[in-house]
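We name chains A, B, ... by the order of the sequence lines, and we start the count at 1 in each one.
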Amino acid sequence: MLVDFNLKEQFKVWKRAGKPIPKEYFDLGIAFWLLDPDAGDYSPERVAQQYLQTPFSDSEKTRTQLRAYAEKKLKEYKLEKIFWDMEMPLLEILADMELAGIGIDRGYLRALEKELEKRLETLTKAIYKHAGETFNINSPKQLGEILFQRLKIDTQGVKKTKTGKVSTDIDTLLLIQDRHKIIASLLEYRELFKLLSTYIRPLQELADDQGRVHTHYIQTGTATGRLSSQNPNLQNIPIGSEWATKLRTAFVAEKGYRIAAFDYSQIELRILASLTQDPEMMKAFNENVDIHALTASKVFKVAIAKVTPEMRRLGKTLNFGVVYGMGAMAFAKSSGVSFADARKFITEYFNDFKQIKIWQEEIKAQARTYGYVTNLNGRRRIILGAAGMGREVAEGERAAINMPIQSMNADIMKLAVIRIAKELKKSGWYQKEVRLLLTIHDELLFEINEHIIEEATRIITKAMESVYALRVPIKVTKKIGENWGAYE
DNA sequence: TATGAGGGCGCC
DNA sequence: AAACGGCGCCCTCATA
């Protein structure tokens with residue numbers, strides 16, 4: 001059997017050369033990642049040093065030793081199924097996705113770049129004028145001096161960075177927005193500069209000569225089982241703002257194809273409902289009730305029909321906050337209510353969804369007792385600090401609460417990808433008429449030949465919704481368009 | 001010239 | 001004072 005590190009890169013080379021991929025293979029980095037997904041570094045050097053207590057030598061013998069050790073541990077930790085049925089099949093699919101890449105319209109991006117540069121120049125001049133001098137707007141240090149010393153903007157309520165300087169982050173700028181005219185220009189400058197430097201310019205650089213960009217998925221990149229994406233990271237492309245939509249418009253389907261996005265709807269909350277078996281939350285999903293409105297109606301004690309958009313917004317923040325183990329401070333900050341009110345809402349929330357609180361306590365106890373937590377499929381994460389005291393305990397507890405949810409999400413997505421690839425291979429469409437391009441945690445992005453789009457859509461939706469049985473239904477929404485920015 | 005910390009910010 | 005889980009990447013600036 002083929003045993004090595006970085007098989008995905010190897011497979012890409014072979015696939016490009018038309019060489020077949022072996023039936024069975026064992027990726028060492030992924031195996032050691034499953035054993036301790038927090039370690040961060042799964043290089044042959046680190047792994048050999050830690051597990052064999054010897055520097056890595058690229059030999060059959062070393063690889064066999066590492067495999068023997070990893071297999072023993074995978075078995076001991078009951079991670080074999082995840083390794084063989086999820087991670088190994090996924091590896092080859094990721095290679096296919098990376099090879100496919102996603103098309104970008106380089107001419108359009110270039111035009112967008114020019115437009116942004118022009119606007120940024122105007123903003124820069126306006127900022128200098130307000131400041132009365134030129135300075136490096138991108139330097140938080142210099143910007144802080146301009147705002148709070150030279151312009152003497154009131155620092156009432158402005159937070160400090162960890163090195164004790166006044167912050168100039170977006171929250172601060174919004175807070176002091178009414179205190180000086182310069183702030184409006186700064187806010188716009190920040191958004192545009194980010195877009196230009198992080199996305200618009202690098203994407204053009206990274207496109208191949210066909211105008212396609214090929215991200216690299218890191219299968220060992222997270223502690224929860226998610227994938228990460230780099231060079232470029234296509235999992236954090238802006239969404240929502242006007243400029244973000246313009247940027248997404250640059251991601252285009254090939255002629256005769258469409259971009260199709262499939263989204264798991266509120267998957268993490270469905271997982272939460274399923275794991276906790278909270279009767280109220282399960283009922284909501286089983287009856288297709290708007291979950292954020294339901295939460296609002298409970299904590300505000302009004303009928304669902306009487307829930308205002310503002311109340312629903314708070315309900316949504318609460319629901320997501322629970323998934324992350326949020327405290328009153330964070331809730332107050334992100335929702336805008338007072339600290340006292342935040343505490344009341346959270347108390348009320350756990351009163352309404354009693355099982356959620358119980359479940360959270362169970363998970364925390366697990367982390368304390370064993371030093372790790374697992375999800376339903378056996379994926380594990382070591383939680384340090386949960387047995388100690390102080391800030392680190394709280395951090396460990398939050399990570400512990402989030403892990404079973406986020407990792408289950410990751411598992412469902414991985415299983416869906418594997419199922420979809422299998423289904424598509426039956427018709428011969430796999431990575432031809434139907435190309436899986438991106439996975440973005442709860443979303444899959446495809447490029448699909450318009451002639452078969454309806455049939456393909458049915459196959460994909462069905463696979464995603466049925467690949468894993470939760471105690472509540474899993475729902476998928478789809479969006480189709482000729483690019484990633486505008487849907488039909 | 002390279003590196004890494006710090007500040008900041010994009011996404012789910 | 002006070003960060004809510006998981007990521008990757010940009011620029012600045014001090015240091016090597």
Side-chain angles (χ1 to χ4, degrees), chain A residues 37-38 40 135-144 157-173 186-187 189-203 206 215-218 220-241 243-244 247-248 263-264 266-269 271-272 317-335 339 342 346 360 363 373 381 383 390-391 394-410 413 438-444:
Chain A
D38 265 298
F135 65 102
N136 188 338
I137 305 169
N138 295 324
S139 165
K141 180 165 172 275
Q142 293 182 38
L143 179 59
V158 173
K159 64 188 167 193
K160 300 271 181 40
T161 65
K162 65 177 165 190
T163 52
K165 291 197 274 283
V166 277
S167 174
T168 65
D169 70 8
I170 192 92
D171 286 338
T172 300
L173 296 184
L186 281 171
L187 285 165
Y189 178 95
R190 279 264 170 89
E191 184 192 0
L192 300 198
F193 194 89
K194 175 93 180 175
L195 225 55
L196 204 54
S197 66
T198 306
Y199 303 102
I200 292 174
R201 282 178 182 148
L203 280 171
L206 290 167
T215 187
H216 296 256
Y217 290 104
I218 311 301
T220 58
T222 74
T224 56
R226 275 188 179 179
L227 299 171
S228 69
S229 156
Q230 61 180 209
N231 286 317
N233 181 354
L234 293 181
Q235 292 179 327
N236 74 344
I237 301 299
I239 188 170
S241 77
W243 286 107
L247 171 58
R248 287 196 169 215
D263 239 89
Y264 275 119
Q266 290 159 338
I267 186 74
E268 285 195 320
L269 288 175
I271 291 167
L272 178 70
T317 305
L318 271 172
N319 282 329
F320 279 105
V322 167
V323 174
Y324 300 147
M326 181 170 65
M329 194 68 189
F331 177 61
K333 219 186 114 195
S334 58
S335 66
F339 182 75
I346 291 174
Q360 288 190 344
I363 295 293
V373 291
R381 178 177 184 186
I383 303 287
R391 189 181 53 90
E395 278 175 11
E397 286 178 351
R398 291 195 295 268
I401 286 170
N402 178 259
M403 190 274 174
I405 304 167
Q406 190 181 125
S407 68
M408 176 62 77
N409 184 2
M413 183 57 100
L438 304 180
T439 85
I440 313 169
H441 312 307
D442 62 1
E443 172 184 1
L444 292 176

According to a strict under-4.0 Å criterion, is A:Q142 in side-chain N/O contact with OP1 or OP2 of C:dC13?
yes
Rounded distance in Å - CG (A:D263) to P (B:dC11)
14 Å
Measure the distance from CD on A:E397 to P on C:dA3 and round it to the nearest whole Å.
15 Å
Please report, rounded to the nearest Å, how far the P atom of C:dG8 is from the CZ atom of A:R226.
11 Å
In whole Å, I'd like the distance from the CG atom of A:L173 to the C1' atom of B:dG7.
12 Å
Atom CE of A:M403 and atom C1' of C:dC7: how far apart are they, to the nearest Å?
16 Å
Using a cut-off of strictly less than 4.0 Å, decide whether A:T161 has a side-chain nitrogen or oxygen near OP1 or OP2 of B:dG7.
yes
If you only use heavy atoms from C-beta on, which nucleotide in C:dC7, C:dC13, B:dG7 is closest to the side chain of A:T163?
B:dG7
For A:L195, which contact category applies under a 4.0 Å heavy-atom criterion: base, sugar-phosphate, or nothing?
nothing
Of A:P37 and A:F320, whose nearest nucleotide on DNA chain C comes first from the 5' end?
A:F320
Any side-chain N or O of A:R398 under 4.0 Å from OP1/OP2 of C:dG5?
yes
Quick one: label A:K165 by what it contacts on the DNA or RNA (base, sugar-phosphate, nothing), any heavy atom closer than 4.0 Å.
nothing
Presence of A:R381 side-chain N/O under 4.0 Å of C:dG6 phosphate oxygens OP1/OP2:
yes
Which whole-number value in Å describes the distance from A:L143 CG to B:dG6 C1'?
15 Å
Compare every heavy atom of A:A342 with every heavy atom of A:A328, then report the nearest pair and how far apart it is.
O-CB, 3.4 Å
Over how many whole Å does the gap from A:N136 atom CG to C:dC10 atom P extend?
17 Å
Using a cut-off of strictly less than 4.0 Å, decide whether A:T168 has a side-chain nitrogen or oxygen near OP1 or OP2 of B:dG8.
yes
Between A:N231 (CG) and B:dG10 (P), how many Å, whole number?
20 Å
Which atoms form the tightest heavy-atom contact between A:S167 and A:T161, and what is the distance?
CA-CG2, 3.9 Å
Kindly indicate, with the supporting measurements, whether the criterion side chain to side chain contact (heavy atoms under 4.5 Å, CB included) is fulfilled by A:S241 and A:E191.
CA-CA 10 Å; A:S241 77; A:E191 184 192 0; 3.0 Å; yes
Closest to the side chain of A:I440, out of C:dC9, B:dC12, C:dC11, is B:dC12
